[in-house]
Amino acid sequence: MTDPIYIYETVEKSHGRVETRCAKASTSLNDYLDWPGIAQVIQYHYTGKYLKTGEETPKVHYGITSLTPEAASAKRLLEIRRGHWSIENKSHWMRDMVLGEDTSPVRCGGIPQVMAANRNTALSVFRFAGYTAISDTIKYLASKPKLTVNLIK
């Protein structure tokens with residue numbers, strides 16, 4: 001008897017495309033893989049179809065987890081994966097693209113960690129103050145230093 005494959009799929013329309021995400025999880029390979037603590041293997045399938053052109057961009061990723069099917073269903077595994085991208089978009093992408101972390105010439109000693117902490121602090125202060133459009137906020141506050149100082153009082 002083969003182990004079941006658990007499947008969960010979402011379809012969303014946003015940003016001019018239809019996004020289909022599917023997670024398939026199974027325990028059937030656990031006995032064949034030499035990986036300590038493995039509980040499930042996962043296949044993530046993503047397809048983005050652009051509404052204007054009809055062009056599709058399929059992506060398939062594979063993973064393993066120590067979470068059992070009882071602890072994390074295919075639906076939960078898909079939610080966890082989406083949560084990871086939320087962190088990527090809210091922190092890493094913001095630091096790289098909006099705050100210019102990748103273009104920084106600072107590369108030596110502990111200074112890169114200090115600058116990353118400063119960038120994280122700035123993002124946190126903006127979000128705590130209720131700003132959601134961080135790039136626009138930075139442009140706005142750049143010419144108003146007194147308002148910027150008031151954010152940290």
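- Contact check for Ile138 versus Val98: side-chain heavy atoms found under the 4.5 Å cut-off.
- Both Trp93 and Tyr131 belong to a single network of hydrophobic side chains, linked directly or stepwise wherever heavy atoms of I, L, V, M, F, W or Y lie under 4.5 Å apart.
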Task: Step-by-step side-chain hydrogen bond (donor to acceptor under 3.5 Å, both in side chains) determination, Glu55 to Tyr50 - done: CA-CA 5 Å; Glu55 178 187 351; Tyr50 292 89; over 6 Å; no
- [ ] Start with the C-alpha distance between Trp35 and Ile64, add both sets of side-chain angles, then the distance that settles side chain to side chain contact (heavy atoms under 4.5 Å, CB included), and finish with yes or no.
- [x] CA-CA 9 Å; Trp35 196 274; Ile64 60 173; 3.2 Å; yes
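- Partners of Ser104 by side-chain hydrogen bond (donor to acceptor under 3.5 Å, both in side chains), not counting sequence neighbours: none found.
- Rounding to the nearest 0.5 Å gives a distance of 9.0 Å between OG1 of Thr65 and CD1 of Ile38.
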Task: Verdict with reasoning, Thr103 to Asp96, per side chain to side chain contact (heavy atoms under 4.5 Å, CB included) - done: CA-CA 8 Å; Thr103 59; Asp96 292 345; over 6 Å; no
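- Relative to the ring axis of Tyr44, Arg81 places its NZ or CZ within 45° and under 6.0 Å from the centre.
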Task: Candidate pair Lys13 and Leu51, rule side chain to side chain contact (heavy atoms under 4.5 Å, CB included), full reasoning - done: CA-CA 9 Å; Lys13 184 178 174 183; Leu51 298 173; 3.4 Å; yes
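- Separating the CZ atom in Arg107 from the CD1 atom in Ile111 is a distance of 12.0 Å, to the nearest 0.5 Å.
- Residues Leu99 and Val125 share a single hydrophobic cluster, defined by chaining ILVMFWY side chains whose heavy atoms lie under 4.5 Å apart.
- No side-chain heavy atom of Ile42 sits less than 4.5 Å from a side-chain heavy atom of Tyr62.
- Taking 4.5 Å as the limit, every side-chain heavy atom of Val18 sits out of range of all side-chain heavy atoms of Thr47.
- In this structure, Ile5 places its CD1 atom where only 12 or fewer heavy-atom neighbours from other residues, nucleotides or ligands lie under 6.0 Å away.
- Closest non-hydrogen pair, Leu123 versus Ser91, comes out as CD1-O, 4.3 Å.
- Arg95 contributes atom CZ, which lies 4.5 Å from atom CG of Asn120 (distance to the nearest 0.5 angstrom).
- Separating the CD atom in Gln40 from the OH atom in Tyr6 is a distance of 7.5 Å, to the nearest 0.5 Å.
- Side-chain contact between Glu12 and Arg21 is present, with heavy atoms from C-beta onward closer than 4.5 Å.
- Annotation: the span from Asn30 atom CG to Asp34 atom CG amounts to 12.0 Å, rounded to 0.5 Å.
- Listed by first and then second residue, the salt bridge (charged side-chain N to carboxylate O under 4.0 Å, His left out) pairs that reach into residues 120-148 come to none, sequence neighbours excluded.
- In this structure, Arg76 pairs ionically with Glu79, as a charged nitrogen and a carboxylate oxygen lie closer than 4.0 Å.
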- [ ] Take Thr27 and Asp3 through the side-chain hydrogen bond (donor to acceptor under 3.5 Å, both in side chains) test and state the conclusion after the steps.
- [x] CA-CA 6 Å; Thr27 60; Asp3 294 327; 3.2 Å; yes
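- Sorted by first and then second residue, the salt bridge (charged side-chain N to carboxylate O under 4.0 Å, His left out) pairs involving residues 108-124 (not counting sequence neighbours) are Glu101-Arg119.
- Closest approach of Ser28 to Ser26, counting heavy atoms only: OG-OG, 2.8 Å.
- Under 4.0 Å is where a charged nitrogen must lie from a carboxylate oxygen, and between Lys75 and Glu9 no such pair does.
- For the residue pair Leu29 and Val41, the shortest heavy atom distance occurs at CD1-CG2, 4.0 Å.
- Between atom CG of residue Leu77 and atom CZ of residue Arg82 there is a gap of 14.5 Å, rounded to the nearest 0.5 Å.
- By the criterion of side-chain heavy atoms lying less than 4.5 angstrom apart, applied directly or through intervening Ile, Leu, Val, Met, Phe, Trp or Tyr residues, Leu151 is grouped together with Leu147 in one hydrophobic cluster.
- Looking at heavy atoms from C-beta onward, Glu19 lies in side-chain contact with Arg17 at the 4.5 angstrom threshold.
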